[in-house]
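What follows is a short report on a single structure.
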Amino acid sequence: MSNQVKYVLQESEMPRQWYNIIPDLPAPPPPPLHPGTRQPVGPDDLAPLFPTALILQEVSGERHIDIPEPVLDIYRLWRPTPLYRARRLEKDLGTPARIYYKYEGVSPAGSHKPNTAVPQAYYNSVEGVAKLTTETGAGQWGSALAFACAQFGIDLDVWMVRSSYDQKPYRRMLMETYGAKVHPSPSPLTAAGRAVLDAHPDSTGSLGIAISEAVEVAASEPATRYSLGSVLNHVLMHQTIIGEEAIKQLAAAGDTPDVIVGCTGGGSNFGGLAFPFLREKLAGRINPVIRAVEPAACPSFTRGVYAYDFGDTAGFTPLLKMHTLGHEFIPDPIHAGGLRYHGMSPLLSHIYEQGLIEAVAKPQSECFAAGLRFARTEGIVPAPEPTHAVAACIEEALRCKETGEEKVILTALCGHGLLDLQAYGDYLAGSIKDLQLTDKVIEDALAGLPAGV
Ligand SMILES: Cc1ncc(COP(=O)(O)O)c(C=O)c1O
């Protein structure tokens, strides 16, 4: 059918395994280090924070890991997700390119985050964990984990970055609807939060601070564990169900991708879409350009350094080798709250260092303009985070218009923006500004990198 828009899979065609890219890479990524000994962390170091099953997945050398049946059962509520051909956007742009987007906004929480929230809640429940703590930027991750915890009867405390807590009250209400407790971060409830509030009473917060608060509480309560919505190997692996489905759907459309673009906060939706295609690229079967898109306000790939750094602001986590702006970096409170993280997935950082992917940074006004164009053509209002991916798709498609190339562009539209309408309202009112991030601000934050690693 020449005018087909949606490529859908049956539930029976849903992948039953996640893909672990590490054994297929030319070299393994550098290990996380213990902040005290500076030696690679072992399972015992991570046990206060994560269940054993997830620790084993974090270091697994297996290429494929079976998705447990109870997780598949919950995935069936919204998976497989549709792959769309963006015919109306293509027409509006007048491009010969073919644009496809894998839409993850059909999940209960409205983004890709439940793909990992559900297995994380499942493995914790199997190991008898009564409560989880976590951070959330935009509120997408917090609401995904709140949904997942409700499925398995686990309590959840969420530290929500102050700027998002104020910008996105409906995300907080959604988390509470699913049964979670939500605290603005920095909060007076933790030593890490109090330290920030003492120094900066008006702090708008950051993901790094919220992680410190959630980790501090999990580490101090025996039946409580911590859950992270991005960055770590097991999280990116859970998200590969996106790319595995997209491979089948693109084949049904008779296309192979020339360009894959995705927004990167900690790297999970991008890695989830890209890794199965990167496997095919490494095997020589396809040769797409794979491009990460980050916000100009928090450009860890394009302006950060590749170094060992803490995953959180207070320095509680293991040292991770990653592209980082420094764990003390506090990004401007842009609306794409999920992209305001000082670091990047160590696995993606390693892959970037190997030259297997590239990265660009985009200012938020260009992204909202792209989000608006997408909403007015395709009908779906993208979350502020994937407007970065949409902006990069449009840029590529307009390049194709000039050159006449019929490239196939694939992206993850990783969430809808129906609870982010304040951001669109601000954009329409002309009150969204692109603040210049100076080298000095980055240099100052990088001065706080841990020495001697
Ligand atoms: C909708 C959405 N997209 C993207 C991200 C960024 O995270 P990641 O890079 O792990 O996909 C977030 C994070 O909260 C998000 O909510």
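When a ligand or atom number is given, it counts from 1 through the structure's own listing order. Residues: numbered from 1 along the sequence shown.
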- Item | Heavy-atom side-chain contact between Leu228 and Glu135 under 4.5 Å | yes
- Qualifying residue, where the test is side chain to side chain donor-acceptor pair (under 3.5 Å) with Thr81 and the options are His112, Glu104, Gln249: Glu104
Distances under 3.5 Å, N/O of ligand 1 against N/O of the protein: list each pair and its distance.
residue, atom, partner, partner atom, Å
ligand 1, 7 (O), Lys113, NZ, 3.2
ligand 1, 9 (O), Gly265, N, 2.7
ligand 1, 9 (O), Gly266, N, 3.1
ligand 1, 9 (O), Gly267, N, 2.8
ligand 1, 9 (O), Ser268, N, 3.4
ligand 1, 10 (O), Lys113, NZ, 3.4
ligand 1, 10 (O), Ser230, OG, 2.5
ligand 1, 10 (O), Ser268, N, 2.8
ligand 1, 10 (O), Ser268, OG, 2.6
ligand 1, 11 (O), His112, NE2, 3.0
ligand 1, 11 (O), Ser268, OG, 3.3
ligand 1, 11 (O), Asn269, N, 2.9
ligand 1, 11 (O), Asn269, ND2, 2.8

- Query: Without hydrogens or angle criteria, can the side chains of Asn20 and Glu62 be said to hold a donor-acceptor pair below 3.5 Å?
  - Reply: no
- Query: Which distance, rounded to the nearest 0.5 Å, do you find between the CZ of Phe270 and the OG1 of Thr264?
  - Reply: 7.0 Å
- Partners meeting side-chain contact (heavy atoms from CB on, under 4.5 Å) with Ala117 (sequence neighbours left out): Trp141, Ala144, Leu145, Ala148
- Item | Lys/Arg cation over aromatic Tyr7: Arg85, 6.0 Å, 45° cone | no
